[in-house]
Amino acid sequence: NNIKNELDNQSSLMENLERYVDNWKEHYNNKDFNSMEKEYKKIKGQIDNIVPIENILKEVREIEVLHNLIRVNKNV
């Protein structure tokens with residue numbers, strides 16, 4: 001139940017971030033810096049609440065490389 005709540009929360013945060021990014025791009029195209037700044041602050045406020053997906057993906061890639069090297073060399 002706790003994991004489901006966290007997943008739901010992360011999903012909601014990602015949806016918000018996606019909306020803020022789209023809004024920022026729209027304001028950028030309209031050359032509206034004040035609105036860009038407002039959306040940027042929202043983005044920055046959400047970043048700290050999101051699980052560090054980038055770091056997790058980096059670790060997964062490192063494990064993938066290491067695992068393949070071990071498989072090729074048959075050494076553990």
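Note that these values count all heavy atoms, side chains included, but never hydrogens, waters or copies made by symmetry.
- The CD1 atom of I50 lies 4.0 Å from the CG atom of L17; values are rounded to the nearest 0.5 Å.
- To the nearest 0.5 Å, the span separating NZ on K44 from CD1 on I47 amounts to 7.0 Å.
- In terms of the ring-ring contact (aromatic ring centres under 6.0 Å, His included) criterion, Y40 has no residue partners (sequence neighbours excluded).
- Here the straight-line distance linking atom CD of E6 with atom CG of L13 works out to 8.0 Å at 0.5 Å rounding.
- Rounding to the nearest 0.5 Å gives a distance of 4.0 Å between CD of E39 and CG of N23.
- Judged by distance alone, with hydrogens and angles left aside, the side-chain atoms of Q10 form a donor-acceptor pair with the main-chain N or O of N49 at under 3.5 Å.
- Residues Y20 and W24 place their aromatic rings such that the two centres sit no closer than 6.0 Å.
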I'd like a table of donor-acceptor pairs (distance under 3.5 Å, sequence neighbours excluded) in which one partner is a side-chain atom from residues 60-68, with atom names and distances.
unit_1	atom_1	unit_2	atom_2	d
H67	NE2	R71	NH2	3.4
N68	OD1	R71	NH1	3.1
N68	ND2	E64	O	3.2

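- For residues 29-38, the pairs satisfying side-chain hydrogen bond (donor to acceptor under 3.5 Å, both in side chains) are D32-S35, with sequence neighbours left out.
- Note that CG of N9 and CE of M14 are 12.0 Å apart. Values are rounded to the nearest 0.5 Å.
- Rounded to the nearest 0.5 Å, atoms NZ (K42) and CG (N16) are 9.5 Å apart.
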